[in-house]
Amino acid sequence: IALGVDRERCDMLTRYGILSAWLLHLSLNTPNQKAGSEEDLRLSARERTFEWLEKARPHLVQTREKQRLLRHPESYALLWTWVASLIGRMSQDGEIPPMASPTYGRIIEIVEMAYGSIREVRTLDLVKAPFVYVHTLAVLVHVNHILNAISFGLMMGMTTKAAMGKAENNLQNNLPQLLSSLLVQFCMSMVAPFLYLALLDVCVCLSQPFTYQDTKIPALQFIRNLEEDVANAAVMADNTKWTKPRFKK
C-alpha cells in the first residue's frame, strides 16, 4: 500500500498471507485418521482442511488455487513462494522498487521471516519433548507420592495409637510432639505432591502446545486480529489522498 501498488495486487498478496495463516492453523488442528494408506490419509487431511476453510472463509481460496494447493502437503508454505514470485514480477514491471534497491531486499526479508515463522511453528508440533524425560518425571512424581503416603500412614498410626492410650509410656508422654509432627507430615504429604503434579502437567502441556484445549495457543484469535489490522490498513489507505510513487522498470 505504501508503495502505491494497485488495489488488486495488494488484495492478492494480503489474501495469500491470511490464507497461509488459516491453512497452517487448520493443519495443526486436523485430527488424524488411522485407517487407510499413508498417502490417502494425507490427501484426506488436506481435503478436510480446505473444507473447513471454505466454511470459515469462503472468499480466501479460488478453485484453481485450491487444485494446485491440494497437491502439496505444506500448502501454507507454498503460498509464500507464490508471494515471492509475484513480488519479483512486480519489481520487473516497475510496480515496486527494482531488485537492486534496499526496499526490495526488505520486502523479500519479510517474506523469509514469514516462511521461517512457519518452520518454527511446525517444529513445535513435530518435535516433541523427549518421551524419556516426560516418562522419567512421571515415575519420580508417582514414587514420591507412594513414599509420602507410607510416611504419613506410619506417622498417623503412631499418633492414633498414642492418643488411644495403647502405646508405650514414652509415646503417650510425647503425644503433643507426635501431633505436631503429624501436622507437619500432613502438610508435606499434601503440598509437595500437588506441586509435583502441577510440574508434570505443565511439562506435558508444553510438549504438546496444540493438543490440549485449556493450554492451546490462541492462534484463531491471532488470525482474526490480523484480518482486522489488514482491513483497517486498507480503509486508511483508501481515505488518504497522496501521489503514488513511480519506479523504473
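It should be emphasised that the depicted structure is a prediction, and the values quoted were computed from it without experimental measurement.
Here Asn144 pairs with nothing under the side chain to side chain donor-acceptor pair (under 3.5 Å) rule; sequence neighbours left out. Every residue two or more places apart in sequence or in another chain was checked for a salt bridge (Lys or Arg N to Asp or Glu O under 4.0 Å) with Glu51, and none qualifies. When the side-chain contact (heavy atoms from CB on, under 4.5 Å) test is applied to Arg224, the partners found at least two apart in sequence or on another chain are Arg57, Leu220. Phe222 pairs by the ring-ring contact (aromatic ring centres under 6.0 Å, His included) definition with nothing, not counting sequence neighbours.
Note that CH2 of Trp52 and CG of Leu23 are 12.5 Å apart. Values are rounded to the nearest 0.5 Å. Distance CG/Leu86 to OG/Ser91: 11.5 Å, rounded to 0.5 Å. Interatomic distance, CH2 of Trp22 versus CG of Leu226, reported as 10.5 Å (0.5 Å rounding). With rounding to the nearest 0.5 Å, the separation of CG in Asn232 from CG in Asn225 is 10.5 Å. The distance from the OG atom of Ser117 to the CZ atom of Arg122 is 14.5 Å, given to the nearest 0.5 Å. Atoms CD1 and CG, on Ile107 and Leu13 in that order, are 9.5 Å from each other to the nearest 0.5 Å.
The two residues Tyr76 and Ser27 have their closest heavy-atom pair at CE2-OG, 3.6 Å. For the pair Leu60 and Leu19, the tightest heavy-atom approach, listed with the atom from each and the gap, is O-CD2, 3.9 Å. Shown here for Ser189 and Phe152, the closest heavy-atom pair between the two residues is OG-CB, 3.7 Å. For Ile223 against Ala21, the heavy-atom pair with the smallest separation is CD1-O, 3.6 Å. Closest approach of Gly17 to Trp80, counting heavy atoms only: CA-CZ2, 4.0 Å. Contact between Asp93 and Arg9 at its shortest, heavy atoms only, is OD2-NH2, 4.3 Å.
Ile110 and Ile87 fall into different hydrophobic clusters, where Ile, Leu, Val, Met, Phe, Trp and Tyr are joined by side-chain heavy atoms under 4.5 Å apart, directly or via other members. No chain of hydrophobic side-chain contacts below 4.5 Å, direct or via other Ile, Leu, Val, Met, Phe, Trp or Tyr residues, connects Val143 to Leu199. Linking ILVMFWY residues whenever their side-chain heavy atoms come closer than 4.5 Å, directly or via other members, places Ile96 and Met99 in the same cluster.
Clustering of Ile, Leu, Val, Met, Phe, Trp and Tyr side chains at separations under 4.5 Å places Leu154 together with Ile146, Ile150.
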Side-chain donor-acceptor pairs under 3.5 Å in residues 61-73, sequence neighbours left out?
from	atom 1	to	atom 2	distance (Å)
Glu65	OE1	Arg15	NH1	2.8
Glu65	OE1	Gln62	N	3.3
Glu65	OE2	Arg15	NH2	3.0
Glu65	OE2	Tyr16	OH	3.0
Lys66	NZ	Glu54	OE2	2.9

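Within a 6.0 Å sphere centred on OH of Tyr196, heavy atoms belonging to other residues, nucleotides or ligands number 12 at most. Sparse packing is recorded around CE of Met113, with 12 or fewer heavy atoms of other residues, nucleotides or ligands lying under 6.0 Å away. Around atom CE of Met156, no more than 12 heavy atoms belonging to other residues, nucleotides or ligands sit under 6.0 Å away.
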**OP:** Might you work through the side-chain contact (heavy atoms from CB on, under 4.5 Å) test for Leu79 and Glu74, ending with a clear yes or no?
**Re:** CA-CA 9 Å; Leu79 284 166; Glu74 297 183 355; over 6 Å; no
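Not a single donor-acceptor pair under 3.5 Å links the side chain of Ser151 to the backbone N or O of Leu147.
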